[in-house]
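Just so we're on the same page: letters track the sequence lines, and every chain starts at 1.
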Amino acid sequence: MRIAIATTSAGRVAFLDPDGDLRGECDPADAPREVARLEAEAAPRWVWRDTREWAPALLEAGVRVARCHDLRLCGAILASSTAVAAAGPVARERPAWLPAGPAEGGFESEAAPAASVDRGPVLFDLDQVPEPGTAGSPSVADLVVEHDRQVHLAESSDRPTSMRLLLAAESAGALIAAELHAAGLPWRRSVHERVLEEALGPRPPVGRKPARMDELAAQVRRELEAPTLRLDSQADLLRALRAAGIGVDSTAKWELREHEHPAVAPLLAYKRLARLLSANGWAWLDEWVVDERFRADYVAGGTATGRWATSGGGALQLPKAVRAAVVADPGWSLVVADASQLEPRVLAALARDPAMAAAGRGRDMYRSIVDAGVVATRDEAKVALLGAMYGATTGDSGRLVPQLARAYPRAMALVDRAARDGEAGRQVTTLLGRSSPLPPPSWHAAQAAASQPDATVVDERRARSSARDWGRFTRNFVVQGTAAEWALCWLAGVRTRLAGMAAGGPSAAASGRVFERAPHLVYFLHDELIVHTPAEHADAVADAVRAAAAEAGRLLFGDAPVEFPLDLAVTASYASAGA
DNA sequence: GTGTATGGCGCG
DNA sequence: AAAGCGCGCCATACAC
C-alpha cells in the first residue's frame, strides 16, 4: 500500500492512493496531521520526490512515518545500475522534475550515468532541496507514474529481491538522516570546553591564538632560529625547516616525525592543537552545538559507494579527543555499537571464499588469518587484507598481498576482477545492485590519446596510471559499497525495532518533540551507530541492535557462514565506549 | 573583494 | 611506516 504526496501548483498538499483515488488535499500547515492520520490508518509506504522536502516538517510536528520511497535517491540508483540495463535506455530515463542523486556529478560530471544522456533542463541545484509547488514540480499523479516506472525497473532487474531491498534501505536511510538531524547528538558543552582548555588553555579573545599555541610557536621559532616565522604558512615553514637542516619535502607530520631535530616535537604539538582549534574549537562549538545537541547535516547516499556524507559540522570526522563530550542525558544511556572488521568480512561473504569465510567466523578475523598460517603476525594480516581491498602494490602491504592471494584465491579473484573492469572503463556493481560511476570524459580522452599511432611515452604512462587509479577505485567499490549496504540494512533494522519498542507514543508526539521519551538513533558513521535511550531500556536496545546486525547479514548473504560481530557498549559517554 | 586549488589531517 | 580506498573541512596561496 502506497500513498504519494506532493504539493500542488496552488500550494496545497495532495495525497494519492494506489488506485489513483485522491485521498485528500489540505493546507501545508495541516499536512503533518493528515500524514499522521493516514499513517495510523493505512501504514503506507510514502512515495515522495525527496525525503528532504517532507521529513523535517513532519518531525518538527512530532510525526514519524514507518516507510517511504525516495524517488530521487532510488531514481539515481536505478539510472546507473548495471542490474537493470536490460530494461533499455527509454525506461531508464528519469523525468526532468526529478533531481539528480547526491553522488551524481554536475555538468562536467565524472558520474554521468550511461543511460541519462540528456536529463533536460536543470531545475535544481544539486545540494538544494527542491522547492515544493514551484514551476515544473510534479503532480501527485506524476509521482505515481514515476514510482511505477521505478518499481518496474527493479522488478525487471537481474536481481529483483536485491534491488527491492536496496531501494527500501536507501529510502530508510533518507528518513533516518532526517531523524538524526532532528534528534541531535547529545553534546555536553562543558565537557567539550574542558577538553579544549586542557589542550589549548583558556579561550582566547577573538583574533588571538590560544596561549598554549603561542608558547609552542615561540619554542619552534627559537629552535629553528627563525624569529619572525609564521607557523601557519606552509611555504614559510618548509623554508625555515630546510634552512635549519631538516631535510623534509613537505610539512606533513609523518615526514617530520622521521627527524630528530628539537624543533620537531613542539611543531607537531602545535599542528595538533591548530587542528583541534580550527576543526572542533570554540567556534565550532558555538556554531554547531545548540541546547546540548550537535545537529549534523547528513547526506544519505552522498558518496559513490553509497556511504553517507555530511555537508557541515564534520560529523563523520569527529576526532577521538572530543568524543568525550558525547554524553547521555541524566537517566539515559548511550548504546554504542560498531561492526568490527566489517569490510573484510563482507569480502569473504561476497566472494563465497570458504577459507576466508572460516577466518570470518571468529571474533578477530586478523587473528584467525595468523592462526591459519597465512602470515606471521596480526598486524601483517591486517595490512595484507587492507592492501588487497585497496589495491596496494608497494610497501609492506603490497609485499604481503601475494601470500593472501594463495590462501584466499576466490576473494582475491573478486577484487582483481573488479579492478580489471575499472581499468577497462567498465562499471562494477555491489551485491544489492548499486553500480560504480563511469570514468569521466577526461579519463576516456587519456585512454584514447594513448592508443593513437602518434602517442608519446608520456601519453601512455598517463593513460596507464589513470587506468590503474580507476581500477583501484572499482576494486574497493564492490567491497566498500556492499559494506555500506550491510550497514544501511543494519541501521534500518535498528530503527524499525526501536519504533516498535518503547513509549514514543502519543504523549511524545503531542509535545512536538518526537524523541522525548523513546530510544532513538543519534549517530551513524559507516559501520558504527549510537542509540540514545532511557537507561531502563538500554539492555533491550542492545538486543535490538544485535538482532538487527544478524538480520542484515541474513538479508545480504543468506546463510553464508560469515559472522558480523558487534563491539557494543552501554555507556554514559561515547569516549568510554571502548574500541 | 570572490572563487578555486592545494596541502594537510580528521574519520571510516 | 605513511604506500593503497572513500570522504569533509580548514587555512593558505593564488587566480580573477
Side-chain angles (χ1 to χ4, degrees), chain A residues 102-103 110 127 209 230-238 248-258 267-268 270-281 283-284 287-288 296-299 301-323 338-344 346-347 379-380 382-401 404 415 418-419 422 428 430 434 436-437 465 468-484 486-487 523-529 574 579:
Chain A
E110 52 254 63
D127 294 334
K209 290 231 170 71
R230 297 175 306 141
L231 275 71
D232 298 321
S233 165
Q234 289 163 48
D236 293 354
L237 179 57
L238 184 59
V248 288
D249 293 316
S250 78
T251 63
K253 68 174 179 188
W254 47 83
E255 219 180 323
L256 287 166
R257 267 204 305 248
E258 301 310 301
L267 177 54
L268 291 176
Y270 177 90
K271 287 165 80 78
R272 199 171 47 78
L273 294 184
R275 169 79 193 183
L276 176 63
L277 176 67
S278 73
N280 298 99
W284 182 90
E287 184 178 353
W288 288 101
D297 293 317
Y298 294 96
V299 184
T303 77
T305 60
R307 278 187 174 181
W308 290 11
T310 50
S311 72
L316 304 186
Q317 300 118 252
L318 289 179
K320 298 264 160 71
V322 307
R323 294 184 183 186
D338 76 277
S340 58
Q341 305 164 349
L342 177 59
E343 289 189 0
V346 162
L347 173 57
D379 206 52
E380 284 184 346
K382 180 175 181 174
V383 167
L385 208 37
L386 293 176
M389 293 188 297
Y390 293 166
T393 54
T394 62
D396 289 349
S397 182
R399 193 168 44 74
L400 291 163
V401 167
L404 205 72
V415 288
V428 296
T430 60
R434 191 189 307 262
S436 63
S465 152
R468 291 251 162 84
D469 289 348
W470 199 261
R472 282 194 304 278
F473 165 56
T474 54
R475 171 192 293 273
N476 184 247
F477 182 96
V478 292
V479 178
Q480 187 184 122
T482 304
W486 183 93
Y523 192 59
F524 175 56
L525 174 56
H526 307 322
D527 61 358
E528 168 173 355
L529 61 78
Y574 191 14

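- Between A/Leu316 and A/Arg307 there is no side-chain heavy-atom pair separated by less than 4.5 Å.
- Contact of the A/Asp527 side chain with the A/Trp486 side chain is not registered, since no non-hydrogen atoms from C-beta on lie closer than 4.5 Å.
- Toward the 5′ end of DNA chain C lies the nearest nucleotide of A/Arg257, the other residue of the pair A/Arg257 and A/Gly302 mapping further downstream.
- When rounded to the nearest whole Å, the span between CH2 of A/Trp470 and C1' of C/dC5 equals 13 Å.
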Close N/O contacts between protein and nucleotides 14-16 of chain C (under 3.5 Å):
none

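- Two residues, A/Ala304 and A/Asp232, neighbour DNA chain C, and the one matched to the more 5' nucleotide by heavy-atom proximity is A/Ala304.
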Sequence-aligned protein contact record of nucleotides 1-12 of chain B, with B where the base is within under 4.0 Å of a protein heavy atom and S where only the sugar-phosphate is: ------BBBBSB
Name each donor-acceptor pair under 3.5 Å that joins a side chain in residues 384-398 of chain A to protein atoms two or more places apart or in another chain, with its distance.
{"unit_1": "A/Asp396", "atom_1": "OD1", "unit_2": "A/Arg399", "atom_2": "NH2", "d": "3.3"}
{"unit_1": "A/Ser397", "atom_1": "OG", "unit_2": "A/Val383", "atom_2": "O", "d": "3.0"}

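- Computed from coordinates, the A/Arg475 CZ to C/dG6 P distance equals 12 Å when rounded to whole Å.
- Atom P of nucleotide C/dA2 and atom CG of A/Leu386 are separated by 17 Å, given to the nearest angstrom.
- Nearest heavy atoms, A/Ala484 versus A/Gly306: CB-C, 4.0 Å.
- The closest side-chain heavy-atom distance from A/Val346 to A/Leu342 is below 4.5 Å.
- The backbone N or O of A/Gly471 sits less than 3.5 Å from a side-chain atom of A/Thr474, completing a donor-acceptor pair.
- Within the 4.0 Å cut-off from OP1 or OP2 of C/dC7, not a single side-chain nitrogen or oxygen of A/Thr305 is found.
- Comparing the same atom, P, in B/dA5 and in C/dG4 gives a spacing of 24 Å after rounding to whole Å.
- Listed for the A/Arg323 side chain is a donor-acceptor partner under 3.5 Å among the backbone atoms of A/Leu318.
- Here the P atom of nucleotide C/dT12 and the CG atom of A/Leu238 are 16 Å apart, to the nearest Å.
- Residues meeting the ring pair (Phe, Tyr, Trp, His ring centres under 6.0 Å) test with A/Tyr523, sequence neighbours left out: A/Tyr574.
- One atom, CG of A/Leu400, and another, C1' of C/dG4, lie 13 Å apart when rounded to the nearest Å.
- Distance alone, capped at 3.5 Å, places no donor-acceptor pair between the A/Thr303 side chain and the A/Ala309 backbone.
- Among the atoms of the strands shown, only primed sugar atoms or phosphate atoms (P, OP1, OP2) are found under 4.0 Å from some heavy atom of A/Thr394.
- Atoms CG (A/Asp469) and P (C/dC5) sit 7 Å apart, rounded to a whole Å.
- Distance alone, capped at 3.5 Å, is enough to place a donor-acceptor pair between the A/Trp284 side chain and the A/Gly313 backbone.
- Annotation: side chain of A/Val322 is in contact with side chain of A/Leu276 (closest heavy-atom distance under 4.5 Å).
- To the nearest angstrom, P of C/dG6 lies 9 Å from CZ of A/Arg472.
- Applying the side-chain hydrogen bond (donor to acceptor under 3.5 Å, both in side chains) criterion to A/Ser250, with sequence neighbours excluded, gives A/Glu255.
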For DNA chain C, the dot-bracket pattern of Watson-Crick and G-U pairs whose distances stay under 3.5 Å, | for other-strand partners: ....||||||||||||
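- At a threshold of 4.0 angstrom between heavy atoms, the contacts of A/Gly398 with the nucleic acid are absent.
- Rounded to whole Å, the distance from OH on A/Tyr298 to P on C/dC7 is 18 Å.
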